[in-house]
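As structure tokens, the structure follows; a few thoughts come after it.
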Amino acid sequence: AQSVTQLDSQVPVFEEAPVELRCNYSSSVSVYLFWYVQYPNQGLQLLLKYLSGSTLVKGINGFEAEFNKSQTSFHLRKPSVHISDTAEYFCAVRIIQGAQKLVFGQGTRLTINP
Amino acid sequence: NAGVTQTPKFQVLKTGQSMTLQCAQDMNHEYMSWYRQDPGMGLRLIHYSVGAGITDQGEVPNGYNVSRSTTEDFPLRLLSAAPSQTSVYFCASSYSWTGRQETQYFGPGTRLLVL
């Protein structure tokens, strides 16, 4: 079975500061990795995904994530955040073979302070 | 395209009542799924479908039924609601059920309170 751990439940940062949201996963088989964002009172939107190839993945809204196989991590970063980045962020995995069953982490609430 | 739509947006039920959460997509997607979101637990898969007439259980299926009679619709039924089913429910879909490049599209969610 797969599992995902997001190491911080809440991350407060000041506007224009850099941010890193941490995600570790566990799986006995190869997986694809995802980051989703949920703005207040909305559904989830895909930020970025790692399927294969370059371990640095760029997504929407200036976010990027780095896949580290040896540390089984997929941390999300942004060099300078904006108030509009206030949201909940979810890391997720799915196994490469078979149906698209996503396994999500617990979520990290990112709060941007002016 | 309307994308993935869910109705109702909000619902309050009493313990023991039944109801159906509706999910529809107009993108001709093969794969559809239901998740529940609870504080501190992320999203957990309830049931999924890889095509009309084919459904399977996810991580937390107990207390929920599904069916998929058409490609477009994937309703989630609560036969006898319990307070433990108070949650936010999300429906999601993607074009292919195995595709490597596939992205799952999520609906806006249904907030359910069971008293």
Side-chain angles (χ1 to χ4, degrees), chain A residues 1-10 21-27 29-53 57 59-60 74 76 87-109, chain B residues 2-7 9-10 21 23-25 29-51 54-61 68 74 87-111:
Chain A
Q2 295 73 47
S3 67
V4 177
T5 302
Q6 292 183 240
L7 298 162
D8 306 292
S9 59
Q10 296 188 62
L21 306 184
R22 297 179 294 167
C23 171
N24 286 92
Y25 70 94
S26 172
S27 176
V29 298
S30 296
V31 295
Y32 297 139
L33 298 134
F34 305 82
W35 275 99
Y36 282 84
V37 60
Q38 183 181 30
Y39 298 106
N41 299 313
Q42 294 187 25
L44 277 70
Q45 178 182 353
L46 181 68
L47 264 183
L48 48 79
K49 58 187 175 185
Y50 173 78
L51 303 179
S52 65
V57 180
I60 61 172
F74 190 52
L76 181 71
E88 189 148 22
Y89 293 79
F90 292 95
C91 182
V93 303
R94 63 161 276 216
I95 61 172
I96 291 176
Q97 302 297 328
Q100 293 201 42
K101 295 188 283 184
L102 289 170
V103 176
F104 285 86
Q106 302 91 327
T108 297
R109 187 168 298 277
Chain B
V4 181
T5 57
Q6 292 183 237
T7 55
K9 284 193 168 80
F10 305 96
L21 282 65
C23 173
Q25 51 86 12
H29 281 179
E30 184 178 58
Y31 181 82
M32 296 184 75
S33 56
W34 277 102
Y35 294 86
R36 60 176 289 173
Q37 181 182 22
D38 301 293
M41 302 189 74
L43 281 77
R44 292 178 292 168
L45 183 64
I46 305 171
H47 285 285
Y48 66 97
S49 169
V50 299
I54 308 170
T55 64
D56 204 349
Q57 296 181 348
E59 184 185 352
V60 288
R68 182 108 178 259
F74 190 44
S87 187
V88 182
Y89 292 85
F90 288 100
C91 180
S93 73
S94 66
Y95 183 73
S96 164
W97 67 278
T98 60
R100 181 171 177 268
Q101 297 288 342
E102 292 307 319
T103 295
Q104 288 198 37
Y105 295 88
F106 284 78
T110 293
R111 292 182 180 273

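No experiment lies behind these values; they were computed from the predicted model shown. Note that these values count all heavy atoms, side chains included, but never hydrogens, waters or copies made by symmetry. Just so it is clear: chains get the letters A, B, ... in the order the sequence lines come, proteins before strands, and each one is counted from 1.
The two residues B:Y48 and A:K101 make their nearest non-hydrogen contact at CE2-CD, 3.3 Å. Scanning both residues, B:Q37 and A:F90, for their nearest heavy atoms gives NE2-CZ, 3.1 Å.
Across A:C91, A:G43, A:G107, the residue that shares the most heavy-atom pairs under 4.5 angstrom with chain B is A:G43. Note: A:Q38 leads A:R109, A:E88, A:Q38 in heavy-atom pairs under 4.5 Å with chain B.
Around the OH atom of A:Y50, the shell of radius 6.0 Å holds more than 12 heavy atoms that belong to other residues, nucleotides or ligands.
Using a 4.5 Å cut-off between heavy atoms, B:S33 does not touch chain A at all. Interface remark: A:Q6 contributes no atoms to any contact with chain B (heavy atom separation under 4.5 Å). With a 4.5 angstrom heavy-atom cutoff, B:L45 touches chain A only via side-chain atoms.
How far CD of A:Q106 is from CG of B:D38: 12.5 Å, rounded to the nearest 0.5 Å.
The shortest distance between side-chain heavy atoms of B:Y35 and A:L44 does not fall below 4.5 Å. Side-chain contact between B:Q104 and A:Y36 is present, with at least one heavy-atom pair separated by less than 4.5 Å. The side-chain heavy atoms of A:N41 and B:R111, taken from C-beta on, include a pair separated by under 4.5 Å.
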